[in-house]
Every structure is written in structure tokens, then in C-alpha cells.
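Note on naming: letters A, B, ... go to the chains in the order of the sequence lines (proteins, then strands), and numbering restarts at 1 for each one. Quick caveat: nothing in here was measured; it's all calculated off a predicted structure.
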2 protein chains.
Amino acid sequence: MPVTSPSTRQPGRAPHERSTRQKRALAAVLDGSDAFRSAQDLFTELRARGENVGLTTVYNQLRALSDAGAIDALRGEDGEVRYRRCDTDHHHHHLVCRVCGRTVEVEGPEVEEWAATVAFAHGFVDVAHTVEVLGTCDGCAKRLRSGTVGR
Amino acid sequence: MPVTSPSTRQPGRAPHERSTRQKRALAAVLDGSDAFRSAQDLFTELRARGENVGLTTVYNQLRALSDAGAIDALRGEDGEVRYRRCDTDHHHHHLVCRVCGRTVEVEGPEVEEWAATVAFAHGFVDVAHTVEVLGTCDGCAKRLRSGTVGR
DNA sequence: ATTCTTGCAAACCCTTTGCAAGCTA
DNA sequence: TAGCTTGCAAAGGGTTTGCAAGAAT
């Protein structure tokens, strides 16, 4: 007598992912900005938009998305992790404005090479590297100069 | 009539710093290792050495030392800040072993230049950058290969 | 009906702060 | 003695987890 469970189900099968209002809402917010946003920040915006999504869910989703490689995660100086939808697929780094959070994706072949060379020279293998460039973007710099103090 | 406070005391005068058993103990631990260590880690080692130093004091000191530029502070992927006595004075980056924490200070003129160029190209000013190279050092790689599993 | 998803409540963990007692100079 | 330093206790802040109710398939 055959088992009742469908034969399509395999042992290591990835679980079926479901579409929910919360996931869609979070995705919309992520799509609507190209700056790195913290979980708390995203949560606040969701509430502002009238979307009722729990903070826990925001964390749950962000982790899932990050694990799946759908978003970039970056830990800031203050220890908060910030997330951002990643457009490009290839390896790249970020140029981030410390004032408005605006980010530009940049490439740096010479940096990749340098990292590999340096690591090799010291006998390190399985190398990864993090490179972030932080600065003040032109717009913010102008604003700051003109006396319109940021804070 | 002159004020009673000594005339040697100036308004913005830096406070007198005192030498204590705790400070010396922490300094000793920091000197005894050239890897980045977390506050908790340092605290544990102090206890292991039989030195009674409070966790709060470790944090207090590390912050003071860091503010004074006497030690380097680096926030890891896990959000913990790690500290390390910094030998060299000039700007440099770190090559860190993800297994044993061993670090090598490396320079990268090309990276500095790249960062400056990229930032300039996008109109960013007042630029800073963080570059960390993470890998597995030769010793650890060998140990892992030989089946002596790390965990 | 099944099982993934949600989100409240509470736990975690690192770090900071309040403050009274302790110690250095 | 003066006031920097210590460190217990407790608060803070971001993030994770337990788990029962809810929703998608």
C-alpha cells in the first residue's frame, strides 16, 4: 500500500515560500529607496505608510532576504545593521553619504587585486574583504556650507 | 582680592590621569596579543590571570584608550567591537584571520588612491574609508585540512 | 488540512549610565 | 584632602527566540 504523502516531496526539499501582505509592503519600501536603511527605520516607515507590520516580522524578513542574497546588509559604526536592495549582481562596493545616506555602487578592480595580492603574500586563503567609502555628497556639502545646519 | 584656586589651573585644562592596578593589568593583556579582542574577551582573560577588574572598568578604559588614539577599535560582523594596540602610526588596514584572529597590518596606496578618485568622481568630499581583508591564515588552513576540526 | 508566517512578549548580549565607595597624587 | 577611578546594579538599544494564533496554498 503506497504512502499517502505526495511522491513529489523530496527529503531536502526547500520549503514553499508564501506571499503575504507584510512581505509585499516591506519589499515596496525597500524598492522605494536606494539608501541603506536600518530595520527600525524600515519599520517606522511601514507604520507611517499605514502598513501594519510587526517589528519582529521586519527582522525575520530582512534576515531571510539577506540570507537569500536579495538584499545587501551592512553594519554601521553604531552597530546597527542597514539593508538595501541590491541592483547589480556582480561584486561591488559602496560609496555612502554620511549625511543623507545616499549610496552609489562603485567597482574597484584594483582593490580586488590588491586584497588578493596582500592576502596571498601573507599566506592567507579563502579571502573576503569589505570596503566602504564614506563621505559627504555634493548636495549635503553645499547645504552644510550655506549655513542650513543639519542638526 | 584674588581667588583661592591655584593660578596654574586653566579653564580647559586636561584632567590629571592616574595610574591604577586595573589600567596596568589591561595594558598588559593588550600588549600580550596582537589580535583584535573584544571587551568581553579581555575581561575574561583578566579574570583568568587572577586580576580582579570589573567589566565596567574594562569598557571605561577601552573607550578612553580608543578616544585617545592609543588603541584601534573595529566593529566585527557580529556587532562586537574589538580592540587592539596599534603599533604603527600611519594609516593602514588589517588582514585578519577569521579563525584565530591573528592580524597583519597592511598598507595599500592603491586603495587610498582608488577611494579618493571614486569619491571625487561622484562629488563626495571629506572622505573616509574602511577596508578590512578577512581570510584564513596558513596555520589555521593547515590545521583545518588535517581533519583537526575547529569546532 | 497543512505548514509557512506573523508578531507579542520576553530573553539575549553588548554597551552605557548612575552613583557611592575606593584609591591615587 | 581633592577628585579621578572603580565597579555594582540597572537601564538602554538593537536583535533574536518561544510560541500560539493567523493566513496562504
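A:Asn52 has its CG atom 15 Å from the P atom of D:dG22, to the nearest Å. The nearest whole Å value for the distance from the CD atom in B:Gln22 to the C1' atom in C:dA21 is 13 Å. Counting to the nearest Å, the P atom of D:dG13 and the CZ atom of A:Arg75 are 17 Å from each other. Distance A:Gln40 CD to D:dG12 P: 15 Å, rounded to the nearest Å. The NZ atom of A:Lys23 sits 8 Å away from the C1' atom of C:dC4 (whole-angstrom rounding). One can place CG of A:Leu55 at 10 Å from P of D:dG14, the figure rounded to the nearest angstrom. Residue B:Leu42 contributes atom CG, which lies 11 Å from atom P of C:dT15 at whole-angstrom precision. Residue A:Glu80 contributes atom CD, which lies 12 Å from atom P of D:dT16 at whole-angstrom precision.
Residues B:Ser66 and B:Arg63 have side chains not in contact (no heavy-atom distance under 4.5 Å, counting atoms from C-beta outward). Side-chain contact between A:Gln40 and A:Leu55: present, with at least one pair of heavy atoms (C-beta onward) separated by less than 4.5 Å. Taking 4.5 Å as the limit, some side-chain heavy atom of A:Lys23 sits within range of a side-chain heavy atom of A:Glu17.
When the side-chain nitrogen and oxygen atoms of A:Gln61 are compared with OP1 and OP2 of C:dT6, one or more of them lie within a distance under 4.0 Å. Phosphate proximity of D:dT16 to A:Tyr59: absent, as no side-chain N or O sits under 4.0 Å from OP1 or OP2.
With hydrogens and angles ignored, no donor-acceptor pair closer than 3.5 Å exists between the side chain of B:Arg63 and the base of C:dT15. Put simply, the side chain of B:Thr20 and the base of C:dC23 share no donor and acceptor less than 3.5 Å apart.
Ring-plane geometry between A:His93 and A:His129 is classed as tilted, the angle between the planes lying from 30 to 60 degrees on a 0 to 90 degree scale.
For B:Thr56, the side-chain atoms get nearest to D:dC8 when compared with the rest of D:dT15, D:dC8, C:dT6. Comparing atom distances between the B:Arg18 side chain and each of D:dT6, C:dG7, D:dT5 picks out D:dT5 as nearest. Across D:dT15, D:dG7, C:dG7, the shortest atom-to-atom separation from the side chain of A:Thr57 is found for C:dG7.
Within the nucleic acid shown, B:Asp78 has no heavy atom closer than 4.0 Å to any nucleic acid atom. No contact: B:Asp41 has no heavy atom under 4.0 Å from any strand. Among the protein residues, B:Ser19 comes within range of the sugar-phosphate backbone only, with heavy atoms under 4.0 Å from sugar or phosphate atoms but none that close to a base.
Each of A:Arg37, A:Arg24, A:Arg85, A:Arg84 was checked for a salt bridge (Lys or Arg N to Asp or Glu O under 4.0 Å) with A:Asp31, and the lone residue meeting it is A:Arg85.
Remark on DNA chain C: of its neighbouring residues B:Arg21 and A:Asn60, the 5'-side contact belongs to A:Asn60, judged by nearest-heavy-atom nucleotide.
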